[in-house]
Amino acid sequence: MEKMVRKGSVVYRLAAWVCVCVLVLGCAGCGGSAQPVPGQESAGRGTQYGGEWGNPAYREVPQPFSAEHGNGEANGLERVETAVLEEDIVAYPVAASGKETNAVSQEQTLQRDAEMEALKAAVTDMEAVEVYTTATVRVRRAPSMEAEVWTLVKPGTVFTKNGESDGWSRVVTEEGTFYIKSEYVREKIPPAEGSHVIAIDAGHQSRANTEKEPVGPGAGETKMKVTGGTKGVATGIYEYELTLAVSEKLRAELENRGYQVYMVRESHDVDISNAERAQMAYDSGAEIFVRIHANGSENSKANGAMTICPTPKNPYVAGLYADSQRLSALVLDSLTASTGCKKERVWETDTMSGINWSKIPVTIVEMGYMTNPEEDRKMADEDYRQLMASGIADGIDAYFGGQ
């Protein structure tokens with residue numbers, strides 16, 4: 001009997017030992033087979049647990065950087081089993097309430113508002129003057145690129161300016177006080193007694209506008225609002241670049257001669273249709289509208305200058321024909337005399353929407369052919385550009401001298 005007891009004790013101990021081993025081995029295998037609990041997938045950056053915290057035995061950790069990616073970013077996220085310690089819970093507070101995020105956001109907003117008010121306070125007061133915008137420009141609520149945009153205005157929009165600060169102009173309207181980058185505003189100087197006002201339109205712009213507009217007031221026929229223009233075959237210079245460069249020289253030349261000049265555009269980054277350009281010229285108070293362009297042809301040998309005006313029977317601006325034709329003829333004569341280039345003709349046509357929408361005598365000056373390599377190179381030369389500007393100014397002198 002005693003032997004049977006001892007034998008049973010041994011069997012009992014062996015059975016207990018086997019159970020312990022099975023339990024240990026089974027627990028050790030849990031880590032390799034455990035699967036994430038549904039609802040614990042990543043919701044973006046950071047750590048996300050199922051429910052409020054979900055199963056604290058799971059948390060996301062970034063994988064080690066892999067040289068295969070080569071961009072220094074973590075190679076995604078993987079889910080591993082780990083124990084979540086109390087300090088981890090403190091380090092990763094529950095974001096469900098959003099109180100901490102809202103507090104930070106509110107603090108940042110208050111700080112930015114304070115910065116904007118400080119920038120406003122730094123603006124120096126000045127005597128109020130009338131200014132106009134030279135491009136399509138954003139009007140902001142504070143003198144900063146980070147400030148909220150109040151509105152977007154077209155070139156030629158008139159404001160009252162009463163302050164300046166670090167490249168910004170403070171302007172006032174009936175709606176309040178706003179700010180514009182100073183490089184996009186120009187003082188509107190009233191003409192001196194006896195002086196003449198000239199509107200210059202540097203043709204085209206850096207991006208064409210393929211939308212359509214009527215070719216004239218009330219017309220059923222439409223054309224693109226503004227085309228991209230041509231390009232120099234030898235220089236690679238775009239027409240919109242050439243026309244603005246010559247227009248700036250023409251402005252300086254005319255101002256030196258006592259004229260007041262209004263520029264329809266002073267940068268390439270604008271969006272102004274041909275009809276809008278004509279309206280802007282009229283609104284400026286100008287007496288004549290001079291549109292600067294360059295020509296192009298499939299014939300690379302074509303060369304010389306021409307000017308364009310309406311016909312006597314133009315359905316929109318027939319009343320402007322006589323003055324427009326005289327202006328065009330005088331400008332063409334003086335331009336070719338100054339530069340020595342070939343004189344083509346004064347082309348009378350009713351196909352130009354920029355002419356048909358004009359309310360003042362108008363001419364289009366085609367200075368030369370950018371599709372002719374020799375003429376293209378000439379028009380890229382600064383001295384030749386000055387000769388063109390001087391010649392056009394001579395024609396304008398002759399136009400007003402003959403009145």
Side-chain angles (χ1 to χ4, degrees), residues 127 129-135 155-156 158 161 169 182-203 237 239-268 270 277 280-294 305 307 323-324 326-341 343 358 360-368 378-403:
E127 184 178 351
V129 296
E130 273 199 322
V131 296
Y132 62 89
T133 55
T134 60
V158 177
K161 174 180 174 179
S169 294
S182 294
E183 61 187 292
Y184 298 119
V185 297
R186 184 176 177 86
E187 186 173 349
K188 189 174 182 180
I189 303 173
E193 185 177 352
S195 69
H196 297 288
V197 184
I198 317 299
I200 299 175
D201 175 27
I237 296 172
E239 184 180 354
Y240 67 82
E241 296 174 312
L242 172 64
T243 60
L244 182 57
V246 175
S247 294
E248 289 172 339
K249 289 184 180 295
L250 177 58
R251 175 177 67 184
E253 184 68 28
L254 289 172
E255 288 178 341
N256 286 338
R257 299 185 187 196
Y259 292 94
Q260 182 184 343
V261 178
Y262 173 79
M263 297 285 283
V264 169
R265 74 173 177 97
E266 294 184 84
S267 73
H268 302 313
V270 299
R277 291 170 189 242
M280 290 166 62
Y282 176 75
D283 291 342
S284 73
E287 297 164 72
I288 60 173
F289 186 26
V290 180
R291 309 190 66 212
I292 305 300
H293 283 256
T307 52
D323 286 335
S324 296
R326 186 168 68 87
L327 173 64
S328 298
L330 292 171
V331 166
L332 181 59
D333 288 345
S334 298
L335 171 59
T336 54
S338 177
T339 61
C341 72
K343 180 166 72 173
S358 186
I360 53 179
V362 56
T363 184
I364 296 177
V365 184
E366 299 283 359
M367 302 177 291
K378 281 185 178 180
M379 291 190 291
D381 181 76
E382 290 297 319
D383 291 338
Y384 191 82
R385 289 177 176 180
Q386 183 58 51
L387 289 175
M388 290 191 290
S390 297
I392 296 169
D394 290 342
I396 293 171
D397 276 347
Y399 174 83
F400 286 108
Q403 286 187 341

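Quick note: numbers below take in every heavy atom, side chains included, and nothing from hydrogens, waters or symmetry partners. Please read all numbers here as calculations on a predicted model, not as lab measurements.
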Participant: Quick check: closest heavy atoms across Ala305 and Thr336, and the distance to 0.1 Å?
Facilitator: CB-CG2, 4.3 Å
Participant: Checking side-chain contact (heavy atoms from CB on, under 4.5 Å) against Ile392, which of Ile200, Val331, Leu387 comes through?
Facilitator: Val331
Participant: Give, for atom NZ of Lys161 and atom OG of Ser182, the distance between the pair rounded to the nearest 0.5 Å.
Facilitator: 4.5 Å
Participant: Taking all atoms of both residues into account, what is the closest heavy-atom pair of Thr363 and Ser328, and its distance?
Facilitator: OG1-OG, 2.8 Å
Participant: Answer whether the closest heavy-atom distance between the side chains of Tyr384 and Cys341 falls below 4.5 Å.
Facilitator: yes
Participant: Quick check: do Arg265 and Tyr240 have side-chain heavy atoms less than 4.5 Å from each other?
Facilitator: yes
Participant: So how far is it from Glu287 CD to Tyr259 OH, rounded to the nearest 0.5 Å?
Facilitator: 9.5 Å
Participant: For a quick test of reading the model, state the closest non-hydrogen atom pair linking His293 to Thr243 and the distance between them.
Facilitator: CA-CG2, 3.8 Å
Participant: Are side-chain heavy atoms of Thr339 and Lys378 found at a separation under 4.5 Å?
Facilitator: no
Participant: Please round to the nearest 0.5 Å and tell me the distance separating atom OG1 of Thr307 and atom CE of Met367.
Facilitator: 13.0 Å
Participant: Between Pro361 and Asp323, what is the shortest heavy-atom contact and its length?
Facilitator: CG-CB, 3.6 Å
Participant: Calculate, to the nearest 0.5 Å, the distance between atoms OG and CG belonging to Ser267 and Leu244 respectively.
Facilitator: 7.5 Å
Participant: Going through the checks in order, is the side chain to side chain contact (heavy atoms under 4.5 Å, CB included) test met by Phe400 and Leu330?
Facilitator: CA-CA 10 Å; Phe400 286 108; Leu330 292 171; over 6 Å; no
Participant: State the CG-OG distance between Leu254 and Ser195, to the nearest 0.5 angstrom.
Facilitator: 11.5 Å
Participant: Given side chains that start at C-beta, do those of Tyr399 and Ile198 come closer than 4.5 Å, heavy atoms only?
Facilitator: no
Participant: When you measure from the side chain of Arg291 to the backbone of Ala202, do you find a donor-acceptor pair of N or O atoms at a distance under 3.5 Å?
Facilitator: no
Participant: Any idea which heavy atoms bring Phe289 and Arg277 closest together, and the distance?
Facilitator: CZ-O, 3.7 Å
Participant: At their closest point, which heavy atom of Lys343 faces which heavy atom of Asp333, and how far apart are they?
Facilitator: NZ-OD1, 2.8 Å
Participant: Rounded to the nearest 0.5 Å, what separates atom CZ in Arg257 from atom CD1 in Ile396?
Facilitator: 8.5 Å
Participant: Give a yes or no on whether a salt bridge exists between Glu253 and Lys249, defined as a side-chain N under 4.0 angstrom from a carboxylate O.
Facilitator: no
Participant: Can you name the residues that form a side-chain hydrogen bond (donor to acceptor under 3.5 Å, both in side chains) with Tyr184, not counting sequence neighbours?
Facilitator: none
Participant: List the residues meeting side chain to side chain contact (heavy atoms under 4.5 Å, CB included) with Glu241, not counting sequence neighbours, and say none if there are none.
Facilitator: Ile237, Tyr238, His268
Participant: Flag the pair Leu250 / Met388 as yes when at least one side-chain heavy-atom distance between them is below 4.5 Å, and no otherwise.
Facilitator: no
Participant: Using a strict 4.0 Å threshold on nitrogen-to-oxygen distance, state whether Arg251 and Glu248 make a salt bridge.
Facilitator: no
